[in-house]
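Below is one structure; the comments refer to it alone.
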Amino acid sequence: MSKRGQTTALNIYRLLLDTYGKQHWWPSDSPFEMMVGAILTQNTNWQNVEKAITQLKAADALDAQVMLDMDEAKLRELIRPSGFFRQKAARLRLFCHFYLKHGGESGIKDLKDPRRLLLSLNGIGPETADSMLLYALGMPVFVVDAYTRRIFARLGFTAADATYQDLQDYFHAQLERDAPLFNEFHALIVQHAKQHCRVKPVCQSCPLSIPCAFSSSNA
DNA sequence: GGCCAGGTGTAAA
DNA sequence: TTTACACATGGC
C-alpha cells in the first residue's frame with residue numbers, strides 16, 4: 001500500500017473490493033422497486049425498508065398506478081415499518097405520478113435532464129435522485145451518503161463539513177465516469193461502514209490497512 | 001432506555 | 001448561507 005499522501009479513492013475501492021467482494025446492488029426485482037426503495041430508505045435502516053416492500057408486494061401494491069389509486073391511508077399502513085410513513089406515502093405518490101407521466105424508467109432516462117427533474121419533486125433530494133440515476137437507470141453518477149462522508153472524512157481525504165456536491169465532485173474528479181464502478185464502490189462503502197465505521201468513533205479490526213483518524217491502531 | 005439508521009424540507013438566525 | 005428541527009419505526 002502506498003503512503004497516505006499517495007492514496008487515492010481508487011486505492012480504497014480496490015481494498016474494499018478485495019475485502020468484501022462484489023455486492024450485487026441494488027437489491028430489487030425491478031427498476032421501479034429500486035426507486036421505491038430509494039425513497040423508503042431515507043434516514044432509515046434497510047431492514048425496515050424490506051418489511052415495507054414485502055408488505056407492498058403482498059398487497060400487489062408495488063405498482064405506480066396501484067399506489068395512486070389506493071387510499072393514502074392504506075399506503076401509509078403498508079409502508080409503516082420504514083418510518084416517516086406519512087411523509088413517505090405522499091412522496092411515493094408524487095414520484096409515481098412523475099414515473100407514469102414520463103413513461104417509466106426508460107422514459108425518465110431519455111429526459112434531457114432527469115436529475116434536475118427528479119430533484120424538483122418534493123421528497124427527492126440529491127442522494128435519492130442519484131441513487132435512482134445510478135441503480136435504476138445505469139447512469140454514471142456517484143452516490144454520496146452519510147457513510148461516504150464519514151469514512152472519507154475520517155480517512156482525512158475530505159472535509160467533515162463538505163457538502164453533497166463537494167463530495168460528489170471529489171469522486172467524479174478521482175474516478176473514471178463508469179456506472180459499474182460507481183455502483184460497486186457505493187455498495188462497498190455501505191457494507192464497510194455498517195461493520196467498521198459506526199457513528200461512535202470506535203474502529204476495531206478495521207480491514208482497511210490505512211488507519212483513519214479513529215482507528216485503534218492510529219489512536 | 002438511548003442511540004442509530006443507505007435524507008429531506010422548512011424556518012429562523 | 002448556515003443551522004436547527006420535524007419526521008417515526010425497529011434493532012441492539
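Letters A, B, ... are given to chains in the order of the sequence lines, protein chains preceding strands, and every chain is numbered from 1. Heavy atoms only: backbone and side chains are in, while hydrogens, waters and symmetry mates are out.
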Pick out which of A:Y20, A:Y13, A:W25 makes a ring pair (Phe, Tyr, Trp, His ring centres under 6.0 Å) with A:F185.
-> A:Y13
Rounded to whole angstroms, how far apart are CD1 on A:I79 and P on C:dA8?
-> 9 Å
Aromatic ring proximity A:H172/A:F182, centre distance under 6.0 Å = yes
For nucleotides 11-13 of chain B, tabulate all protein N/O to nucleotide N/O atom pairs closer than 3.5 Å, reporting atom names and distance.
none

Run the salt-bridge test on A:R86 and A:E72 with the 4.0 Å N-O cut-off and return the result as yes or no.
-> no
Roughly, in whole Å, what's the span from CG in A:L94 to P in B:dG7?
-> 20 Å
Are there more than 12 heavy atoms of other residues, nucleotides or ligands under 6.0 Å from atom CD of A:E176?
-> no
When the distance from NZ of A:K194 to C1' of B:dA5 is rounded to whole Å, what number comes out?
-> 9 Å
Separation of A:R86 atom CZ from C:dT9 atom C1', in whole Å?
-> 11 Å
Going by atom types alone, do A:Q55 and A:R80 pair a side-chain donor with an acceptor below 3.5 Å?
-> no
A:V199 side-chain proximity, nearest of B:dG7, C:dA8, B:dC4 = B:dC4
Quick one: which protein N/O atoms are closer than 3.5 Å to N/O atoms of nucleotides 10-12 of chain C? Pair and distance per line, please.
unit_1	atom_1	unit_2	atom_2	d
C:dG10	O4'	A:N48	OD1	3.2
C:dG10	O4'	A:N48	ND2	3.1
C:dG11	OP1	A:K51	NZ	3.3

Backbone of A:P81 reached by a side-chain donor or acceptor of A:K51 within 3.5 Å = no
A:F32-A:L94 co-clustered via ILVMFWY side chain contacts under 4.5 Å = no
Determine the contact category for A:F85: base if any of its heavy atoms lies under 4.0 Å from a base atom, sugar-phosphate if only primed atoms, P, OP1 or OP2 are that close, otherwise nothing.
-> sugar-phosphate
Side-chain ion pair, A:E77 and A:K74, N-O less than 4.0 Å | no
Within the distance-only criterion (no hydrogens, no angle test), does the side chain of A:D69 pair as donor or acceptor with the backbone N or O of A:V66 below 3.5 angstrom?
-> no
Please report, rounded to the nearest Å, how far the P atom of B:dG7 is from the CG atom of A:L119.
-> 16 Å
Just checking A:R150: base, sugar-phosphate only, or nothing, at a heavy-atom cut-off of under 4.0 Å?
-> sugar-phosphate
Could you measure between the two P atoms, the one in C:dA8 and the one in B:dT10, and give it in whole Å?
-> 14 Å
Contact list for DNA chain B against residues 121-128 of chain A - heavy-atom distance below 4.0 Å = A:L121, A:N122, A:G123, A:I124, A:G125, A:P126, A:E127, A:T128
On the ring face of A:F85, is A:R76 found with NZ or CZ under 6.0 Å from the centre and within 45° of the axis?
-> no
Nearest-Å distance, CD (A:E77) to P (C:dA8)?
-> 12 Å
Atom CG of A:L167 and atom P of B:dG7 are separated, to the nearest Å, by 13 Å
Which atom of A:V49 lies closest to which atom of A:S82, heavy atoms considered | CA-CB, 4.3 Å
A:L40 has an atom CG; how far is it from atom P of C:dA8, in whole Å?
-> 13 Å
Pairwise P distance for B:dC3 and C:dA6, with rounding to whole Å | 15 Å
Is A:L118 close to A:F95 at the side-chain level, that is, under 4.5 Å between some pair of heavy atoms?
-> yes
